[in-house]
There are 2 protein chains.
Amino acid sequence: MSTLTDIRPTSRADALAETLLQPILAGDWRPHDRLPSEHALAAQYEVSRAVVREAIARLKTDGYVETRQGKGAFVAAAPGATAFRLDNGEAGDTHLLELRALIEADCAALAAERHTILDLERLCAASDAMRDAVAKGGLGLEEDIRFHDVLAQAAHNPALRRFAAFIGRHAREAMQLARLSRLKEQNRLAEIEGEHQAIIFAVSTRDPQAARLAVQYHIASGLRRHGLS
Amino acid sequence: MSTLTDIRPTSRADALAETLLQPILAGDWRPHDRLPSEHALAAQYEVSRAVVREAIARLKTDGYVETRQGKGAFVAAAPGATAFRLDNGEAGDTHLLELRALIEADCAALAAERHTILDLERLCAASDAMRDAVAKGGLGLEEDIRFHDVLAQAAHNPALRRFAAFIGRHAREAMQLARLSRLKEQNRLAEIEGEHQAIIFAVSTRDPQAARLAVQYHIASGLRRHGLS
DNA sequence: TGCTCATCAGCTGCCTGACAAGTTAGCCGG
DNA sequence: CCGGCTAACTTGTCAGGCAGCTGATGAGCA
């Protein structure tokens, strides 16, 4: 009945986890509903109990199901509430890049309001480090990441900073599809430097709106540089 | 050597996953490093291979390790990049509530630029539904969630909408600690209705800045109503 | 010497069967 | 009718084994 034994996209456990997730996402299995027992699932999908356990373990870590020894497995009260996951197909999505731009702009706006002297010094240092890296012939990718993290740090909101790092990493992966290295040939790395300076200036003048606009321009320019706009 | 067999915080697999996560987070195990084999880990921590497999499966779904059949398990290139997870202790954090306010404001700003007639109709319908629910003596919690989701939908960015739902759920959990039901006694549910109307108006006039401010005021008022500001 | 290729040890993926521990429902005796 | 006990579930854990894949080793050949 099942095709799990025939096609194997990844592993049996992954496939089964995906299969079991559907009724939960679709709402066919409501919160607090009991899932079939591991034994029943193993029989139904023609896999061993170990595979079922691994699939359920994955759904557990994602917060979709909860298990209690002796009682069974249940759909969690708030399915999917523990982790925010980006689909693989979503990488490279323009919506993802836009979300990153919004978050970074929020970081800049908050940074404009709350930054300390130390934050400004760190921002300048990060910008200088990137300029040096570019001057030495590198791409300055690590330094660019560092600059944006320092900006997020200046917003003084750890949750925001963590999410900015998370979304930024995915957005960068998406952009790498567009051949980062060719930026070097076109000598456009200097543009980035100038945009970073504009962000620092907007933040230093404690102008949230200007900081937001500076970041939005910076991200949009990045997309244009990568031919993604 | 190990205490896993003595104390059991949750399950052996959970405990082992936590144990194995530490060297990764601390940087002792660098990306692309190979983990000890399942057999070696089972011997080292005095558990069965099934427990080791389940622990590693959990680290896999969180994106900390990758496994390849015949080669072994390796620290992922970008540990923790696949899922954004909120610690339990973070619920109720003011930083989390602020992050939610930023995201909702972004939703409103985008909605102001991109909303369609249908979006406006849905917004009004959601607002009406909440007013009806309150009129009938309810709290209108479900309807309130619906209103904010419709607003996020009007931004026409699925990734943003998903994250808004994710962060909103956590923020609501945090606020429930502050006894939502006492809002009813103080007859403050009408305030929410008015603030929703203000958001709808700002969106309908296609004024991103006004929409952003309207949401920020709405969230801040919500915090004040719950005594969290 | 240098190259090719078969063999093999080790690893993960998966399976089977079993026991331990917790829960629940029903039966039985009072 | 009620309370306690048992039996039949459930998940958690264990042991052992086979299959498929990988990398290295070493024999054989040019």
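Here is the naming used below: chain letters follow the sequence lines, and residue numbers restart at 1 for every chain. As the structure is a computational prediction, the values presented were derived from the model and not from experiment.
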Query raised in the report: Which one, dG12(D), dT12(C), dC14(D), comes nearest to the side chain of K60(A)?
Result: dG12(D)
Report task. Quick one: pull up CZ in R161(A) and CG in L99(B) and give me the separation to the nearest 0.5 Å. Result ->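 So the CZ of R161(A) and the CG of L99(B) are separated by 14.5 Å.
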Query raised in the report: Got a second to check how far D149(A)'s CG is from D144(A)'s CG, nearest 0.5 Å?
Result: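 That separation rounds to 11.5 Å.
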Report task. Go through E143(B) and K136(B) one step at a time and tell me if the salt bridge (charged side-chain N to carboxylate O under 4.0 Å, His left out) criterion holds. Result -> CA-CA 13 Å; E143(B) 290 77 8; K136(B) 285 177 183 171; over 6 Å; no
Spacing between [X] atom [atom1] and [N] atom [atom2], to the nearest angstrom:
{"X": "E54(B)", "N": "dT12(C)", "atom1": "CD", "atom2": "P", "value": "16 Å"}
{"X": "R53(A)", "N": "dA20(C)", "atom1": "CZ", "atom2": "P", "value": "17 Å"}
{"X": "L35(B)", "N": "dC11(C)", "atom1": "CG", "atom2": "P", "value": "13 Å"}
{"X": "R12(A)", "N": "dA19(D)", "atom1": "CZ", "atom2": "P", "value": "14 Å"}
{"X": "D14(B)", "N": "dG12(D)", "atom1": "CG", "atom2": "C1'", "value": "11 Å"}
{"X": "F74(A)", "N": "dT23(C)", "atom1": "CZ", "atom2": "P", "value": "11 Å"}
{"X": "L41(B)", "N": "dT12(C)", "atom1": "CG", "atom2": "C1'", "value": "13 Å"}

Just the atom pairs and distances: protein N or O near nucleotides 17-19 of chain C's N or O, under 3.5 Å.
{"residue": "dA18(C)", "atom": "N6", "partner": "R49(A)", "partner atom": "NH1", "Å": "3.3"}

With the criterion being N/O to N/O and under 3.5 Å, what pairs connect the protein with nucleotides 6-10 of chain D, and how long is each?
{"residue": "dT10(D)", "atom": "OP1", "partner": "S37(A)", "partner atom": "OG", "Å": "3.2"}
{"residue": "dT10(D)", "atom": "O2", "partner": "G70(A)", "partner atom": "N", "Å": "3.3"}

Check for a donor-acceptor pair, side chain of [X] on one end and backbone N or O of [Y] on the other, with a separation under 3.5 Å.
{"X": "T82(A)", "Y": "D62(A)", "value": "yes"}
{"X": "S127(B)", "Y": "L123(B)", "value": "no"}
{"X": "R162(B)", "Y": "R85(A)", "value": "yes"}

**Report entry** Listed once per pair and sorted, the side-chain hydrogen bond (donor to acceptor under 3.5 Å, both in side chains) pairs that draw on residues 47-56 of chain B, sequence neighbours left out
**Finding:**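 Of all non-adjacent pairs touching residues 47-56 of chain B, those that pass side-chain hydrogen bond (donor to acceptor under 3.5 Å, both in side chains) are R53(A)-E54(B), E54(A)-R53(B), E38(B)-R49(B), E38(B)-R53(B).
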Query raised in the report: Parallel, tilted or perpendicular: which fits the ring planes of H148(B) and H218(B), with parallel below 30° and perpendicular above 60°?
Result: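 Rings of H148(B) and H218(B): parallel, under 30°.
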Query raised in the report: Do M130(B) and F147(B) have side-chain heavy atoms sitting under 4.5 Å apart?
Result: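 Counting from C-beta outward, M130(B) and F147(B) never come under 4.5 Å.
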